[in-house]
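Written out below as structure tokens is the structure these notes cover.
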Amino acid sequence: MSSTASLDLKSHLAGLFETALKLVAPEARGTSVTVERPKQTSHGDYASNVAMQVAKQVRRNPREVATALIAQLPDSPWVERVEIAGAGFINVFLRPTAKQDVVRRVLTEGAAFGRGTFGLNRKVQVEFVSANPTGPLHVGHGRGAAYGASLANVLEAAGFDVAREYYVNDAGRQMDILCISVWVRYLEMCGEDVPFPPNGYQGDYVRTRATELKAIDGGRLSRPAREVLDGLPAAPEGDEAAVEARMDALIERARTLLGPAFEHLSRIVLDRQLDGIRDVLTRFGVTFDMWYSERSLYDSGRVAEALAALDAAGHLYTQDGARWFRSTAFGDDKDRVVQRENGLYTYFASDIAYHHDKLQRGFELVIDVWGADHHGYIPRVKAAIAALGCDPAQLQVPLIQLVALYRGGEQVRMGKRSGSYVTLEELMDEVGVDATRYFYLARKSDQHLDFDLDLAKSQSNDNPVYYIQYAHARVASVLQQWGGDPGDLAGADLAPLDSPAEMQIMQRLIDFPDAVEAAARDLAPHGIAFYLKELAAEFHSYYNGTRFLVDEETVKLARLALAVAVQRVLKNGLALLGVSAPEKM
RNA sequence: GUGCCCGUAGCUCAAUUGGAUAGAGCACCGGCCUUCUAAGCCGGGGGUUGCGGGUUCGAUUCCUGCCGGGCACGCCA
């Protein structure tokens, strides 16, 4: 029964209008009545446009309809008065008690305030980050991590049953190239003169892996340079195709020379890479329920199984020696290869199997957080889901746009090729976890993000994350001065809270569950960041002009109760963003 | 060339999914600490929402044509 105040008020008011509508315009009974919060306080606490919506249907002018609706509106203990405004808006003004009530509710519900039932306990999976384990996480992955983690929190708060998952691309050529890169560094350390392939992974972490490998296995994986290099195709500088061909030959050679030890090497390298990624994410406050291996999809036969299902339904065909999925039958631009001429499956094949598996695990909603550069990939995955007999709407793919770092007003240039990109770890070390996560979430995910390092680092009033945290800390400070038990405040008489500033703040608190629900519905956690900034601003303003520790006991307790309620909502909201709520700054 | 996304104050971004006079922060100008944290507050100037049409009571939002920017278009992952 602890549904939220705002939902209570909104549905309560909508119910009043529906009752009146039945009497005034029975023929428009089907109209869904919406009640919104107007932007301007002069337009009341809540407003409905129902009169304008039905005006045409009943062939009367909107203001006339509104007048009739108001005349038939049932009495309500929460409503003070109702006005007609503008083209036919009906504005509702609430009694103070309707707002004051939220303070008690926040204090009683505590960490649970803001949680709702919108999700109906439905099972939803959020898959995010899923960066290739072939290198460290960079600032782009960081944005996906912050977004995915916060989205998962928001969905959970909105009443979904959420599973957080990282898809590990541990199969395929990129992984092999990483292994070769490590192996060549390893051979160098063993004194073998093997030139480093130009398309290998250049970073320092590759040497680190090689060092670890040598510590574990000594020189057991070493082979004479001529055995490694003999007969490999030449790769003239600048000839990309030849360079790739030489790499493929080198991979084959390594498998031949090392035998089962190649898998051993691969396993160690992968584990260490994942350990590194996991450590950084954990420091960043991002954790997963499941790390799902792409390779396991092959080992368990799920890829073959998913393709067999498509085949059985008649959605596969053979052409030019390859197996194709007829994705055009489900809205894709062109058909897609799932098994190459050489017999190897494509990445898409394992992705079909992966999504097949997700749906089989009973997730009603599957959310893939992807980089925006993958947007062209969405239609084919949705096509596969449809071809497997499921509803493509069960998959939603929020896209995360690029991040550009700025330092001293200049963009920090990054290039994968040169290995000069900034890692998430470096960003966290420089800026701090709280500011990093807040800045990532401070705008819509599908917008380019200009990340101002100087601003994020500045311990000043310019920095929005500190602005919000400071509001939280200020309440703690007042409570300390007061010295009483905040637990007693839930029973405080709230009648003294009647100033415009107090009304505004209480309405803002009432809005919090709505903000959570909207963020979940739109897969847009940035709404929480904006909400918190506004709540903090209103509180700072109030704080500046109001003394809490006054002589009159009832006024003091009422104000403290409000302050603690604000503090609680700030804390709950910051938690959704993965940002800490310090008691002292 | 085709498809998707974007264009809002000098800068960085919002705008309750079609609502009322488009809002914040930064920057700029002017005020407020003998009082619970000035990492704060108060006031001021700043706009043809890229441009032109259309849909309707009403458009930053939906449709369309241009202009400008980004991304994707592989038997790579």
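By convention in this document, chain letters (A, B, ...) are assigned in the order of the sequence lines, proteins followed by strands, and residues within each chain are numbered from 1.
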**Prompt:** Can you check the A:K10 NZ to B:U16 C1' distance for me, whole Å?
**Reply:** 7 Å
**Message:** With rounding to the closest Å, how many angstrom separate the C1' atoms on B:U48 and B:G43?
**Reply:** 28 Å
**Prompt:** Where the side chain of A:K533 is concerned, which of B:A15, B:U16, B:A24 is the nearest nucleotide?
**Reply:** B:A24
Anything under 3.5 Å between a donor and an acceptor, one on a side chain of residues 473-482 of chain A, the other on a protein residue two or more places apart or in another chain? List them.
residue	atom	partner	partner atom	Å
A:R474	NE	A:Y470	OH	3.3
A:R474	NH1	A:H540	ND1	3.0

**Asked** From B:C36, B:A72, B:C75, pick the nucleotide closest to the side chain of A:D373?
**Response** B:A72
**Prompt:** With a centroid cutoff of 5.5 Å and a plane-angle limit of 30°, would you call A:F89 stacked on B:G19?
**Reply:** no
**Request:** Determine, for nucleotides 27-35 of chain B in 5'-to-3' order, which nucleotides have protein heavy atoms under 4.0 Å from the base (write B), from only the sugar-phosphate (write S), or from neither (write -).
**Result:** --------S
**Message:** From C-beta outward on A:T346, which listed nucleotide comes closest to its side chain: B:A39, B:A77, B:C13?
**Reply:** B:A77
**Prompt:** Using a cut-off of 4.0 Å on non-hydrogen atoms, how would the nucleic acid contact of A:F548 be classed: base, sugar-phosphate, or nothing?
**Reply:** base
**Request:** Using the C1' atom as the reference point in each nucleotide, state the distance between B:A22 and B:U8 in Å, no decimals.
**Result:** 8 Å
**Prompt:** What's the OH-C1' distance between A:Y440 and B:C13, to the nearest Å?
**Reply:** 18 Å
**Donor-acceptor pair (no angle test) under 3.5 Å: A:D351 side chain, B:A77 base** = no
**Message:** Quick one, A:Y354 and A:K358 - any side-chain contact, counting heavy atoms below 4.5 Å?
**Reply:** yes
**Complete:** Side-chain contact check for A:A322: nearest option of B:A20, B:A77, B:C75 is B:C75
**Rounded interatomic separation in angstrom, taking CZ from A:R443 and C1' from B:G7** = 15 Å
**Prompt:** For A:K39, which contact category applies under a 4.0 Å heavy-atom criterion: base, sugar-phosphate, or nothing?
**Reply:** base
**Message:** If you go through the side-chain atoms of A:H375, does one of them form a donor-acceptor pair with the base of B:C71 closer than 3.5 Å?
**Reply:** yes
**Asked** How far, in whole Å, is B:C71 from B:A24 if one measures between their C1' atoms?
**Response** 30 Å
**Message:** Just to be sure I understand the rule, does A:A471 reach a base, reach only the sugar-phosphate, or reach nothing, if contact means heavy atoms closer than 4.0 Å?
**Reply:** nothing
**Dot-bracket line, read 5' to 3' along RNA chain B, where crossing pairs take [ ] and | marks a partner on another strand, Watson-Crick or G-U under 3.5 Å** = (((((((..((((.....[...)))).(((((.......))))).....(((((..]....))))))))))))....
**Request:** Output yes when at least one side-chain N/O atom of A:H526 is less than 4.0 Å from OP1 or OP2 of B:A15, else no.
**Result:** yes
**Request:** Can you figure out which of B:C75, B:A77, B:U17 approaches the side chain of A:W324 most closely?
**Result:** B:C75
**Under-4.0 Å side-chain N/O to phosphate OP1/OP2 contact, A:R340 with B:A77** = yes
**Request:** Could you say whether A:Y347 or A:K584 is positioned toward the 5' end of RNA chain B, judged by the nucleotide with the nearest heavy atom to each?
**Result:** A:K584
**Message:** I need the CG-C1' distance between A:D446 and B:C13, as an integer number of Å.
**Reply:** 13 Å
**Request:** Over 60° means perpendicular and under 30° means parallel, so classify the ring planes of A:H355 and A:W370, tilted if in between.
**Result:** perpendicular
**A:Y377 and A:Y347 aromatic ring geometry - parallel, tilted or perpendicular at 30°/60° bounds** = tilted
**Request:** Check whether any side-chain nitrogen or oxygen of A:Y467 sits under 4.0 Å from OP1 or OP2 of B:A24, and answer yes or no.
**Result:** no
**Prompt:** Atom NE2 of A:H374 and atom C1' of B:C71: how far apart are they, to the nearest Å?
**Reply:** 12 Å
For residues 443-452 of chain A, run the donor-acceptor check on the side chains, cut-off 3.5 Å, and write out each pair with its distance to 0.1 Å, sequence neighbours left out.
residue	atom	partner	partner atom	Å
A:D452	OD1	A:D454	N	3.0
A:D452	OD1	A:L455	N	3.0

**Request:** Find the distance between CG (A:D551) and NZ (A:K556) and round it off to the nearest 0.5 Å.
**Result:** 8.0 Å
**Prompt:** Expressed in angstrom and rounded to an integer, what is the separation of A:H448 atom NE2 from B:G7 atom C1'?
**Reply:** 11 Å
**Fill in**
Taken to the nearest whole Å, CG/A:N463 to P/B:C13 is 16 Å
**Request:** Please state whether the base of B:G3 and the side chain of A:D333 form at least one donor-acceptor pair under 3.5 Å?
**Result:** no
**Asked** Once you round it to whole Å, what is the distance between C1' of B:G74 and CG of A:D335?
**Response** 15 Å
**Message:** Please classify the glycosidic conformation of B:U55 as syn (within 90° of 0) or anti (everything else).
**Reply:** anti
**Asked** Taking the six-membered ring of A:Y46, is the NZ or CZ of A:R37 close enough (under 6.0 Å from the centre) and on axis enough (within 45°)?
**Response** yes
**Prompt:** Listed by chain and number, what are the side-chain contact (heavy atoms from CB on, under 4.5 Å) partners of A:P379, not counting sequence neighbours?
**Reply:** A:D332
**Message:** Using the P atom as the point on both nucleotides, what is the distance between B:G25 and B:A59, in whole Å?
**Reply:** 28 Å
**Nucleotide nearest A:R37 when distance is taken to its side chain, options B:C75, B:U16, B:A14** = B:U16
**Item:** A:Q40 side chain, from C-beta outward: closest of B:A77, B:A20, B:U12
**Value:** B:A20
**Message:** Applying a 4.0 Å non-hydrogen cut-off, can you work out what A:N342 is touching in the nucleic acid: base, sugar-phosphate, or nothing?
**Reply:** nothing
**Request:** Specify the glycosidic conformation (syn or anti) of B:C29, with syn defined as within 90° of 0.
**Result:** anti
**Item:** Side chain of A:K444 - closest among B:A14, B:A39, B:U17
**Value:** B:A14
**Message:** Nearest to the side chain of A:Y466, heavy atoms from C-beta on, is which of B:A38, B:A39, B:C76?
**Reply:** B:A39
**Request:** Sequence neighbours left out, what passes salt bridge (charged side-chain N to carboxylate O under 4.0 Å, His left out) with A:R326? Give chain and number order.
**Result:** none
**Prompt:** Which of these nucleotides, B:A20, B:C75, B:C42, is closest to any side-chain atom of A:S541?
**Reply:** B:C42
**Message:** For A:F325, does the six-membered ring have the charged nitrogen or CZ of A:R336 within the cation-pi criterion, i.e. under 6.0 angstrom from the centroid and within 45° of the normal?
**Reply:** no
**Prompt:** Can you tell me how far P in B:G65 sits from the matching atom in B:G46, rounded to whole Å?
**Reply:** 38 Å
**Fill in**
So OH of A:Y167 and OG of A:S130: to nearest 0.5 Å the spacing works out to 8.5 Å
**Item:** Residue whose nearest RNA chain B nucleotide is more 5′ - A:A537 or A:L449
**Value:** A:L449
**Prompt:** If we take the P atom in both B:C13 and B:C66, what is their distance in whole Å?
**Reply:** 28 Å
**Message:** Please verify the inter-ring angle class for A:H526 with A:F530; under 30° counts as parallel, over 60° as perpendicular, anything in between as tilted.
**Reply:** perpendicular
**Item:** Donor-acceptor pair, side chain of A:S293 and main chain of A:S296, under 3.5 angstrom
**Value:** yes
